[in-house]
**Student:** 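Okay, handing you the structure first.
A, B, ... follow the sequence lines: proteins, then strands. Residue 1 opens every chain.
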2 protein chains.
Amino acid sequence: MDVTLDQVRCFVAVAEELHFGRAAERLKMTQPPLSRQIQKLERMVGAQLLDRDNRRVVLTAAGAAFLEDCYRLVTTLDEAVAHARRVEGGWAGTLHLGFTAVSAIGVLGPLLGLLGRELPSVEVILHERVTGGQVDGIRRGEIDLGLARPPFDTSVLSSRVVAREPLRAVVARDHPLASSRGPLGPEDFDGVPVIGYHPTTARYFHEMTVRFLVNGHSRIEQHVQQVLTAVILVAAGQGVAFVPASAAALGVEGVVFKPLTDLGGGHPDSEPARPVELHAIWSRGALTPMLRQVLHLVQRSAQEVDDALGE
Amino acid sequence: MDVTLDQVRCFVAVAEELHFGRAAERLKMTQPPLSRQIQKLERMVGAQLLDRDNRRVVLTAAGAAFLEDCYRLVTTLDEAVAHARRVEGGWAGTLHLGFTAVSAIGVLGPLLGLLGRELPSVEVILHERVTGGQVDGIRRGEIDLGLARPPFDTSVLSSRVVAREPLRAVVARDHPLASSRGPLGPEDFDGVPVIGYHPTTARYFHEMTVRFLVNGHSRIEQHVQQVLTAVILVAAGQGVAFVPASAAALGVEGVVFKPLTDLGGGHPDSEPARPVELHAIWSRGALTPMLRQVLHLVQRSAQEVDDALGE
DNA sequence: TTGCTTGATACCGTCGCAGCATGGACGTCA
DNA sequence: TGACGTCCATGCTGCGACGGTATCAAGCAA
């Protein structure tokens with residue numbers, strides 16, 4: 001046979017009361033079965049835990065040591081149950097969060113702050129990957145939630161817009177366009193060398209660049225994979241590039257960010273003024289309670305960032 | 001109702017096998033009651049721990065978290081049982097060890113070393129007290145084992161000789177007796193001022209001094225309580241004193257230790273050559289398993305010290 | 001379709017546990 | 001000193017919980 005938690009609870013009661021009658025009362029039972037449980041426990045443990053004659057009950061050294069461990073035992077159990085409930089409710093656990101190196105600027109920071117405040121028992125593990133890598137990670141179960149750019153395979157992924165921001169042109173500080181007034185249109189870049197993006201690994205910005213320049217006569221000369229690379233090449237005098245407004249936060253020296261005329265013809269529900277979208281993505285059907293919790297916070301975080309920008 | 005350890009064990013088995021049939025086999029039971037136990041556990045915990053359809057079983061996030069805690073739980077229980085057994089056998093626990101400041105020199109060190117090696121799970125708490133204080137401590141349960149000088153109240157205390165050593169005379173380096181040859185007898189101290197001990201608080205050395213000097217004509221001029229004090233007074237030129245041979249280890253400068261002629265008429269079973277006895281004492285009837293273990297080591301330790309001295 | 005696997009359910013027998021009554025040892029009080 | 005009270009242990013009994021057998025239902029394979 002084996003030691004039972006009931007026996008442990010009985011022992012704790014008796015050890016604290018040092019009196020079988022009162023202990024039985026506390027356990028809402030009668031004294032005889034309590035005596036038997038203690039006897040059985042002592043037999044299982046293989047040590048005399050209580051020294052008792054007909055007059056008094058005292059803990060043996062072994063009993064005192066065992067009592068300490070019993071406290072730890074019941075505490076551990078209570079915590080285990082509470083923890084399981086919290087995890088089930090999404091209030092605790094581990095969140096594997098994917099994000100893109102530059103694109104999440106201005107979103108990831110506030111989100112992590114909010115997570116730390118609102119879900120302190122959730123451990124966040126960050127995975128910096130490009131959009132494609134995040135999609136693979138989600139499919140393999142390595143990532144629970146990603147922050148990435150469309151488009152996604154909506155048959156296996158669910159998504160939600162987290163942030164929209166304007167598209168900007170980056171030009172070197174000594175470039176003629178740097179001193180222009182007002183928003184720039186596609187025609188302003190006629191004949192200007194443009195740093196473009198890789199059509200597959202940076203598909204989103206590639207298409208956005210192409211869409212902006214449609215019907216124009218500029219020359220797309222490079223195919224970088226990251227926004228940061230594009231900005232650095234601009235600073236090096238290699239041409240101009242189109243980047244999300246938040247790229248200004250990268251702090252690259254020697255470049256200026258210029259507004260653009262609104263981009264038409266994007267997704268039907270996109271805002272022309274802020275066409276660059278960041279989405280939260282997760283495995284369709286794997287909307288765990290924790291993901292639900294986190295998505296609420298993602299929305300709140302995006303809202304707060306929006307409000308701050310609106311001021 | 002309440003969570004049972006059996007349910008926990010069932011859950012661990014299923015969570016590890018991810019298969020009710022195999023888990024049941026491992027638990028030496030059939031599958032239906034196992035299913036019921038898991039259901040009941042989930043009801044008790046208040047969270048779904050296993051996601052199962054008719055084809056496969058997977059842990060939920062809550063289940064994975066709970067599993068970790070379950071491991072801790074059973075480990076804690078096993079350790080608690082093992083610990084209780086060790087304590088009962090005297091292999092672990094806490095030992096309150098009393099000793100006298102100077103008298104235990106040469107005994108306490110080796111004993112503590114041996115305890116640390118042989119009973120590493122026994123925590124030793126030292127209590128430096130004079131013999132009387134140790135006796136009180138034992139009576140109050142504050143001390144388990146004392147290292148003290150006779151006589152004791154043998155109706156409540158058991159004792160065992162731990163060490164015997166010669167009595168020596170301490171004299172200042174520039175004292176006439178310092179350069180004498182051979183053992184000194186009582187007559188050598190005729191007319192010499194002798195530092196004596198307090199008749200009640202240092203009864204043992206008081207009586208030993210008086211017994212040695214019986215029929216002599218020396219003057220006992222002080223009544224110190226500790227051996228160390230006596231040696232220091234000797235160094236200060238206040239006279240000579242009688243101390244255990246191990247007092248040489250105190251390292252007081254400016255004194256020399258001189259052998260004495262054998263002391264007759266001590267206890268019937270005492271050795272005249274080594275009349276100063278150190279006893280281990282404990283509460284009669286409170287010979288716990290741990291005390292038994294420790295007493296063995298005390299004997300071994302004394303034996304080793306004796307052997308070392310004999311070389 | 002049949003057959004196999006696997007978890008859930010129904011039903012039943014048995015074992016264990018709790019409760020009741022009592023015993024036995026010890027202290028207390030008149 | 002004997003009657004009484006206290007307190008833990010033990011014997012006995014009834015019930016409830018648990019495990020086993022049989023079966024079902026769902027999904028996959030050939």
**Student:** Can you tell me how far C1' of dA18(C) sits from CG of Asp2(B), to the nearest Å?
**Tutor:**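 Rounding to the nearest Å, CG of Asp2(B) and C1' of dA18(C) are 17 Å apart.
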
**Student:** Under 3.5 Å, sequence neighbours excluded: what are the donor-acceptor pairs made by side chains of residues 5-13 of chain A?
**Tutor:**
unit_1, atom_1, unit_2, atom_2, d
Gln7(A), OE1, Thr4(A), N, 3.2
Arg9(A), NH2, Val3(B), O, 3.0

**Student:** Hey, do the aromatic rings of His279(A) and Phe152(A) have their centres closer than 6.0 Å?
**Tutor:**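 Distance test on ring centres: under 6.0 Å, yes.
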
**Student:** With sequence neighbours left out, write down each residue that passes side-chain contact (heavy atoms from CB on, under 4.5 Å) with Ser155(A), or none if nothing qualifies.
**Tutor:**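 Here the qualifying residues are Asp153(A).
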
**Student:** Over how many whole Å does the gap from Glu17(B) atom CD to dT6(C) atom C1' extend?
**Tutor:**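 Rounding to the nearest Å, CD of Glu17(B) and C1' of dT6(C) are 15 Å apart.
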
**Student:** Tell me: CD of Glu25(B) to C1' of dG7(C), nearest whole Å?
**Tutor:**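 It works out to 16 Å between those atoms.
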
**Student:** Would you say Arg160(A) and Ile281(A) make side-chain contact, with heavy atoms under 4.5 Å?
**Tutor:**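 Sidechains of Ile281(A) and Arg160(A): no contact.
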
**Student:** Do you know the tightest heavy-atom contact between Phe20(A) and Leu34(A)?
**Tutor:**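 The pair with the smallest heavy-atom distance is O-CD2, 3.4 Å.
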
**Student:** Please state how far atom CG in Asp6(A) lies from atom P in dG16(C), giving the value in whole angstrom units.
**Tutor:**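 Those two atoms, CG and P, are 15 Å apart.
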
**Student:** Mind checking which nucleotides bracket the chain A contacts on DNA chain D, 5' to 3', with an atom under 4.0 Å from a heavy atom?
**Tutor:**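 Boundary nucleotides touching chain A, in 5' to 3' order, are dG5(D) to dC12(D).
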
**Student:** Let me know, please, whether Gln37(B) or Val57(A) comes out on the 5' side of the other along DNA chain D by nearest nucleotide.
**Tutor:**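 Upstream on the strand: Val57(A).
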
**Student:** Tell me whether Arg129(A) is salt-bridged to Glu142(A), with the criterion being a basic N under 4.0 Å from an acidic carboxylate O.
**Tutor:**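 Glu142(A) and Arg129(A): salt-bridged.
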
**Student:** May I have the distance from Asp51(B) (atom CG) to dA8(C) (atom P), rounded to whole angstrom?
**Tutor:**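 In whole Å, dA8(C) P and Asp51(B) CG are 11 Å from each other.
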
**Student:** When the side chains of residues 53-63 of chain A are checked against the rest of the protein, which donor-acceptor pairs come out under 3.5 Å, sequence neighbours left out?
**Tutor:**
unit_1, atom_1, unit_2, atom_2, d
Asp53(A), OD1, Arg55(A), N, 2.7
Asp53(A), OD1, Arg56(A), N, 2.8
Thr60(A), OG1, Gln48(A), O, 2.8
Thr60(A), OG1, Leu49(A), O, 3.1
Thr60(A), OG1, Ala62(A), N, 3.4
Thr60(A), OG1, Gly63(A), N, 2.9

**Student:** Treating primed atoms plus P, OP1 and OP2 as sugar-phosphate and everything else as base, which nucleotides of nucleotides 19-29 of chain C get B, S or - for protein heavy atoms under 4.0 Å?
**Tutor:** BBB--BBBS--

**Student:** Who are the salt bridge (charged side-chain N to carboxylate O under 4.0 Å, His left out) partners of Asp136(A), not counting sequence neighbours?
**Tutor:**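 For Asp136(A), no residue satisfies salt bridge (charged side-chain N to carboxylate O under 4.0 Å, His left out) once neighbours in sequence are set aside.
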
